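First comes the structure, then the notes that go with it.
Predicted model only: the values in this text are computed from it and were never measured.
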Amino acid sequence: MKLRKTREEREEKKARRIPLEKYTKGGKISSLMALIHILLLALSVGISIAKRGNAGIYVGFFVLVVLISAAAGFVIGINSFKESDKFFRYSYIGTIANAVIWIGILGIYLTYI
């Protein structure tokens, strides 16, 4: 029973690795956009609570901007999967977060019309 790998086995394993250098640029942008969207939504909810439901058109405008830019963040996240030899962690995070934000806002809108 071998507990240690031979030098040839280790070198062969290194040769088979995919040279992943860094994270995708689109994934980072998409994740940053999702973080900004969450902060804007929290700001909108905070303003609405402080005004006791009479926040006016500004909160609606914030949420509309978040809705449109969440769709853009989702598209950027999807396009970031086309980059080769990169890590996709931020691509997954940004794409899923923007999709959840977009579907959540759309769900709230459809609930109250």
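- Within the 4.5 Å cutoff, side-chain heavy atoms of Glu83 are placed close to those of Ser80.
- By the neighbour-count criterion of 12 heavy atoms within 6.0 Å, atom CG of Leu110 is densely surrounded, having more than that number from other residues, nucleotides or ligands.
- There is no path of hydrophobic side-chain contacts, each under 4.5 Å, that joins Val100 to Leu41.
- Of the inter-residue distances, the one linking Leu32 atom CG with Ile76 atom CD1 reads 10.5 Å to the nearest 0.5 angstrom.
- Side-chain atoms of Asn98 do not come within 3.5 Å of backbone N or O of Met33 as any donor-acceptor pair.
- A pairwise comparison of heavy atoms in Ser48 and Ala55 identifies CA-CB, 4.0 Å as the closest pair.
- Under the 4.5 Å side-chain heavy-atom criterion for ILVMFWY residues, no single connected hydrophobic cluster contains both Val66 and Tyr58.
- With rounding to the nearest 0.5 Å, the separation of CG in Leu40 from CG in Leu67 is 12.5 Å.
- The nearest pair of heavy atoms linking Ser30 to Gly73 is OG-O, 3.0 Å.
- Criterion: ILVMFWY side-chain heavy atoms under 4.5 Å apart, direct or through other members. Under it, Ile103 and Ile93 are not part of a common hydrophobic cluster.
- Note on Ile105: it clusters hydrophobically with Ile47, by side-chain heavy-atom contacts below 4.5 Å among ILVMFWY residues.
- In the displayed structure, Phe88 atom CZ is contacted under 6.0 Å by more than 12 heavy atoms of other residues, nucleotides or ligands.
- Two different hydrophobic clusters hold Tyr90 and Ile38 under the rule that ILVMFWY side chains link at heavy-atom gaps under 4.5 Å.
- Considering only heavy atoms from C-beta on, Phe74 comes within 4.5 Å of Thr95 through its side chain.
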When you look at Phe62 and Leu43, which way does the side-chain contact (heavy atoms from CB on, under 4.5 Å) test go after all the steps? CA-CA 9 Å; Phe62 276 154; Leu43 178 68; 3.9 Å; yes
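- Distance check, rounded to the nearest 0.5 Å: OG1 of Thr24 to CZ of Phe87 gives 11.0 Å.
- Here the straight-line distance linking atom OG of Ser31 with atom CD1 of Ile36 works out to 11.0 Å at 0.5 Å rounding.
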